[in-house]
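None of these values were measured; they are calculated from a predicted model.
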Amino acid sequence: MRPLGVTMICGSLVWLVVPILAVITAVIAGITVLHGIGEVLTPTPTGVEDNRRLTNVTLLGLVLTGIAAVAGLLLDVVTTVLAVPRARELAGVIALVSVGIGGLGVVLPTAAAIGAQYAGWGEASSFLGVLAGTILFLLGPALRIVELVVGAMAVRPLP
């Protein structure tokens, strides 16, 4: 049961970092916009270069968030493969539920929101985006904390 527990721990930690990175990136993007507005209203000698630096930091945050999300999805796939044979045990059930809701529950509404936006269904796209955000920021971390605890117990069971 050790490989399942290790992948559960790693996957839950990665997915707990993704919302934090997303919030930090959003804050930096907001600061960048405000700095750009301030630079338009009252130009400074180093303002353009400062705004470029802030934009680069924002892009770095987006890239890191994307890399963490892809790593989380890959760990979810490995966790699912390891959990299916153990579906009758607590660790297997928790892993499958956490991956199903925490992983696919974010990816599927996001993909559907993008498709709805291209189809011209703005209200459906907004609803699906809010649903994906709610799962990512509210339900996902709670499931991942449970997955972290159960994964730790699967690595080293209680005596």
Side-chain angles (χ1 to χ4, degrees), residues 3-40 46-83 91 93-155:
L4 175 62
V6 170
T7 58
M8 286 175 71
I9 291 171
C10 292
S12 63
L13 289 175
V14 168
W15 277 113
L16 286 172
V17 168
V18 169
I20 295 169
L21 283 173
V23 167
I24 290 171
T25 303
V27 168
I28 294 171
I31 292 170
T32 304
V33 168
L34 291 176
H35 184 269
I37 291 171
E39 193 58 35
V40 167
T46 61
V48 174
E49 187 61 35
D50 292 342
N51 210 0
R52 268 195 210 121
R53 284 190 195 120
L54 284 170
T55 303
N56 289 339
V57 171
T58 302
L59 290 174
L60 177 66
L62 286 171
V63 168
L64 289 176
T65 304
I67 289 171
V70 169
L73 287 173
L74 291 175
L75 283 167
D76 281 351
V77 168
V78 172
T79 300
T80 302
V81 168
L82 292 173
V93 171
I94 295 294
L96 291 173
V97 168
S98 179
V99 167
I101 295 173
L104 292 177
V106 174
V107 173
L108 293 179
T110 302
I114 292 170
Q117 186 66 35
Y118 282 121
W121 301 335
E123 291 176 3
S125 176
S126 298
F127 170 74
L128 291 168
V130 168
L131 178 65
T134 302
I135 292 171
L136 178 66
F137 288 106
L138 297 179
L139 185 60
L143 287 170
R144 297 304 177 160
I145 289 170
V146 171
E147 182 184 15
L148 179 66
V149 170
V150 173
M153 289 174 28
V155 168

Would you give the length of the straight line joining atom [atom1] of [X] to atom [atom2] of [Y], rounded to the nearest 0.5 angstrom?
{"X": "Leu60", "Y": "Leu64", "atom1": "CG", "atom2": "CG", "value": "4.5 Å"}
{"X": "Leu143", "Y": "Leu138", "atom1": "CG", "atom2": "CG", "value": "11.0 Å"}
{"X": "Arg144", "Y": "Leu139", "atom1": "CZ", "atom2": "CG", "value": "10.0 Å"}
{"X": "Asn51", "Y": "Ile31", "atom1": "CG", "atom2": "CD1", "value": "11.5 Å"}
{"X": "Thr80", "Y": "Leu104", "atom1": "OG1", "atom2": "CG", "value": "7.5 Å"}
{"X": "Thr32", "Y": "Ile37", "atom1": "OG1", "atom2": "CD1", "value": "11.0 Å"}

Derivation of the side-chain contact (heavy atoms from CB on, under 4.5 Å) call for Arg52 and Thr55: CA-CA 5 Å; Arg52 268 195 210 121; Thr55 303; 5.6 Å; no
Return the minimal non-hydrogen interatomic distance between [X] and [Y], and the atom names on each side.
{"X": "Ile94", "Y": "Val146", "value": "CG2-CG1, 4.0 Å"}
{"X": "Thr79", "Y": "Ala95", "value": "CG2-CB, 3.8 Å"}
{"X": "Ser125", "Y": "Ala113", "value": "OG-O, 3.0 Å"}
{"X": "Val106", "Y": "Thr110", "value": "O-OG1, 2.7 Å"}
{"X": "Gly61", "Y": "Thr65", "value": "O-OG1, 2.7 Å"}
{"X": "Glu147", "Y": "Val99", "value": "OE2-CG2, 4.4 Å"}

Residues that Leu82 engages under side chain to side chain contact (heavy atoms under 4.5 Å, CB included), provided they are two or more places apart: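 Partners of Leu82 under the side chain to side chain contact (heavy atoms under 4.5 Å, CB included) test: Pro3, Leu4, Thr7, Val78.
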Worked check of side-chain contact (heavy atoms from CB on, under 4.5 Å) between Leu13 and Leu148: CA-CA 7 Å; Leu13 289 175; Leu148 179 66; 4.1 Å; yes
Working for side-chain contact (heavy atoms from CB on, under 4.5 Å), residues Val77 and Leu73: CA-CA 6 Å; Val77 168; Leu73 287 173; 5.7 Å; no
Glu123, CD atom: more than 12 neighbouring heavy atoms under 6.0 Å: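 Open.
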N/O donor-acceptor pair under 3.5 Å between Thr58 side chain and Leu54 backbone: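 Present.
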Contact check, side chains of Ile145 and Leu16, non-hydrogen atoms, under 4.5 Å: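 Heavy-atom side-chain distance check passes, below 4.5 Å.
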Test item: Asp50 and Arg53 side chains (from C-beta on) under 4.5 Å apart, heavy atoms: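 Side-chain contact under 4.5 Å: yes.
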Residue pairs fulfilling side-chain hydrogen bond (donor to acceptor under 3.5 Å, both in side chains) with at least one residue in residues 11-28, sequence neighbours excluded: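 Applying side-chain hydrogen bond (donor to acceptor under 3.5 Å, both in side chains) to every pair that reaches into residues 11-28, excluding sequence neighbours, yields Trp15-Asp76.
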